2 protein chains.
Amino acid sequence: MLSLTEENYLKAIYHLSDGGTKSVLTNEVADAMSTKPASVTDMVKKLSAKKLITYEKYYGVTITKQGKTDALTIIRKHRLWETFLVQKLNFHWDQVHEVAEQLEHIQSPLLIEKLDELLNFPIADPHGHPIPDKNGKIHTGQQVPLGDIAAKKTVTVLAVNVKESSSFLQYLSKIGVYIGAKLSILDKAEFDGSIEIMIDGKKKVFVSKEASQNILVTP
Amino acid sequence: MLSLTEENYLKAIYHLSDGGTKSVLTNEVADAMSTKPASVTDMVKKLSAKKLITYEKYYGVTITKQGKTDALTIIRKHRLWETFLVQKLNFHWDQVHEVAEQLEHIQSPLLIEKLDELLNFPIADPHGHPIPDKNGKIHTGQQVPLGDIAAKKTVTVLAVNVKESSSFLQYLSKIGVYIGAKLSILDKAEFDGSIEIMIDGKKKVFVSKEASQNILVTP
DNA sequence: TAAAAAATTTAGACGAGTCTAAAAAATTAT
DNA sequence: ATAATTTTTTAGACTCGTCTAAATTTTTTA
Ligand SMILES: [Mn+2]
Ligand SMILES: [Mn+2]
Ligand SMILES: [Mn+2]
Ligand SMILES: [Mn+2]
């Protein structure tokens, strides 16, 4: 049984480690959690005592098998709740993260099972992020940044990279980009990496290189 | 902004004071919260500093106007969530309390507004308990214990008194009593206060005096 | 109404989670 | 390869919510 705080740390470490594939430094965790490095050191000792991460002094932490499993359960809950908020309560995709950040800590396996059922076992959340199944298994197809697509091609929006700020999501809504939208790359500017796209064959817009790197599409 | 613990104390005090109509003793709160009297003393000082209760040393606490308002908000959330769990996720009425005890602390006015809407602005939870409206207003009709009804009368089940244990709810389900059921009082035993009832004109059962006091029906 | 009993508060301690300031180790730059 | 810089850990302190044990106040009983 993990405390709310332990759950938040574990999830952050999972994400920072790219799903457990690389080790994570104290300062990275501190940044991600908006705490001080000293607090992180204390917490990683606790998570390490619980065998959820391995901690080597001065060299950062690695997530264990069990840690990965636990993190995936929290992420599953987070994404199921986000999906619920959008699909059943008509929240916008830029309104769900903070609430899901709270809801993900509710302890009730039955609740999650029923929620999953109510939503028809969704495989992605409102931001296109995969929802791990009951066994922690994730199945995602290939996703590439819009910025890496060659001109003239038409692709479908699969997901968006959303850090903390919801302003990027609001911006996307404003210009007409959404999960499932069909984008045709019209032109790429060499000097600043910005691109011109056509959305659903209807609307022409320019997006910055920065933005194009955070819109993930079909290859 | 109240902590989860402060919210739980405030709600307990609200209930123990019968909605703010009487004062509450330290030991009563300790019992209800499964904590020690010393802990209650500490907490009532905090709630009192926040003007949610008035605290007179050695003589117990009284809830203030603001305290009542805050308590009703928590109770509203609790009962909306219970309703959601039963109506949308097919929980049984004996499975919802513990989960709602967690969900009631989620901070998001928008969420509650949308949930209320999804449920079509329900006025009672799965146990027949009134759901305060957005302004904290409760509207309940008259409810009397089944045990107080004269023989031969037919009444409708409006609510059940449910403390912590879900076993009473399971018992009621088993014998066929539910909110809205029509009960005819067939006979009352003088010596032990038990009564014989007919449920929906179909099923005859005996219920103890104890049980009959915790089933609330139309007058 | 004085003694006994019960209820309540105070005092002091503890774990969780956080912080600042100082010490230690690792990294980098010269 | 040594010095300067950056990162990380340790030490000590603080808040929140809890507890036990002792002191105090109220209530009951005789
Ligand atoms: Mn969270
Ligand atoms: Mn998401
Ligand atoms: Mn609660
Ligand atoms: Mn209820």
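Values reported hereafter were calculated over all heavy atoms of this structure, with side chains retained and with hydrogens, waters and symmetry mates removed. Treat the numbers as computed from the prediction; the structure is a model and nothing was measured.
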May I have the distance from [X] (atom [atom1]) to [N] (atom [atom2]), rounded to whole angstrom?
X: A:Lys36; N: D:dT7; atom1: NZ; atom2: C1'; answer: 15 Å
X: A:Glu56; N: C:dA24; atom1: CD; atom2: P; answer: 21 Å
X: B:Tyr58; N: C:dT9; atom1: OH; atom2: C1'; answer: 4 Å
X: B:Tyr59; N: C:dT8; atom1: OH; atom2: P; answer: 11 Å
X: B:Lys45; N: C:dT8; atom1: NZ; atom2: P; answer: 14 Å
X: B:Asp42; N: D:dC16; atom1: CG; atom2: P; answer: 11 Å
X: B:Asn8; N: D:dT18; atom1: CG; atom2: P; answer: 9 Å
X: A:Met33; N: D:dT8; atom1: CE; atom2: C1'; answer: 18 Å

Quick one: does NZ or CZ of A:Lys114 land under 6.0 Å from the six-membered ring centre of B:Phe91, within 45 degrees of the ring axis? yes

Think A:Lys68 forms a cation-pi with A:Tyr14, using NZ or CZ under 6.0 Å from the six-ring centre and within 45 degrees of its axis? no

What would the secondary structure line of DNA chain D be in dot-bracket form, counting Watson-Crick and G-U wobble pairs under 3.5 Å, with [ ] for pairs that cross earlier ones and | for pairs with another strand? ||||||||||||||||||||||||||||||

Euclidean distance, B:Leu172 CG relative to B:Tyr178 OH, rounded to 0.5 Å: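 Separation between the atoms: 13.0 Å.
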
Would you give the length of the straight line joining atom CG of B:Leu146 to atom CD1 of B:Ile185, rounded to the nearest 0.5 angstrom?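 Reported value, rounded in 0.5 Å steps: 5.0 Å.
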
Output yes when at least one side-chain N/O atom of [X] is less than 4.0 Å from OP1 or OP2 of [N], else no.
X: B:Thr35; N: D:dT18; answer: no
X: B:Tyr9; N: D:dT18; answer: yes
X: B:Thr41; N: C:dT9; answer: yes

Testing B:Lys77, B:Arg76, B:Arg79, B:His78 for side-chain hydrogen bond (donor to acceptor under 3.5 Å, both in side chains) with B:Glu104, which one passes? B:His78

Pairing donors with acceptors under 3.5 angstrom, does anything connect the side chains of [X] and [Y]?
X: A:Trp93; Y: A:Ser166; result: no
X: A:Asp133; Y: A:His139; result: no
X: A:Glu82; Y: A:Gln87; result: no

Would you call B:Asp18 and B:Lys22 a salt bridge, taking side-chain N to carboxylate O under 4.0 Å as the test? yes

Quick one, which residues of residues 22-30 of chain B touch DNA chain C with a heavy atom under 4.0 Å? B:Leu25, B:Thr26, B:Asn27

Of A:Ala38 and A:Leu4, the one whose nearest nucleotide on DNA chain C sits closer to the 5' end is A:Leu4

